[in-house]
Amino acid sequence: MEIRIGIANTGRELGFESGESAEAVRTTISEALTSGAAFVTLTDIKGSSYIVPTAGIAFVEVGTDQSRRVGFVA
């Protein structure tokens with residue numbers, strides 16, 4: 001699933017594909033924000049880790065678990 005994180009005071013976003021479920025990502029980010037954690041760590045499908053400071057998170061967009069369709073759709 002695709003995850004996009006907007007970083008405050010920048011024009012760029014952090015975007016990557018995650019192997020975790022949408023609910024697991026929502027839970028991880030929500031717990032980090034409500035507990036006052038300094039950062040949240042997420043991992044993409046290639047094994048790379050992203051450490052994002054919670055103070056800099058402007059928005060988080062979590063895609064669906066559905067795979068993308070390939071080809072022409074009628």
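Just so it is clear, the values below take in all heavy atoms, side chains as well, and ignore hydrogens, waters and symmetry mates.
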Distance, nearest 0.5 Å, that separates CG of Asp44 from CD of Glu2: 12.0 Å
Calculate, to the nearest 0.5 Å, the distance between atoms OG1 and CD1 belonging to Thr41 and Ile29 respectively. 11.0 Å
Minimum heavy-atom distance between Ala22 and Gly63, given as atom pair plus value: CB-O, 3.9 Å
Rounded to the nearest 0.5 Å, what separation is found between the CE atom of Met1 and the CD atom of Glu23? 10.0 Å
State, to 0.1 Å, how close Gly19 and Ile45 come at their nearest heavy-atom pair, and which atoms those are. N-CG2, 3.3 Å
When every non-hydrogen atom of Ala58 is compared with those of Ala8, the smallest separation belongs to CB-N, 4.0 Å
Give the cluster check for Leu33 versus Ile3: same hydrophobic cluster or not, with ILVMFWY residues linked at side-chain heavy-atom distances below 4.5 Å. yes
For the pair Leu42 and Ile5, evaluate side-chain contact (heavy atoms from CB on, under 4.5 Å) and give the outcome as yes or no after the intermediate values. CA-CA 11 Å; Leu42 300 166; Ile5 300 175; 3.7 Å; yes
Stepwise, does the side-chain contact (heavy atoms from CB on, under 4.5 Å) test hold for Phe16 with Lys46? CA-CA 10 Å; Phe16 60 94; Lys46 296 179 183 177; over 6 Å; no
Worked check of side-chain contact (heavy atoms from CB on, under 4.5 Å) between Ile7 and Arg12: CA-CA 7 Å; Ile7 308 298; Arg12 298 191 56 148; over 6 Å; no
Apply side-chain contact (heavy atoms from CB on, under 4.5 Å) to residues Ser18 and Val25 and explain how you reach the verdict. CA-CA 9 Å; Ser18 175; Val25 172; 4.3 Å; yes
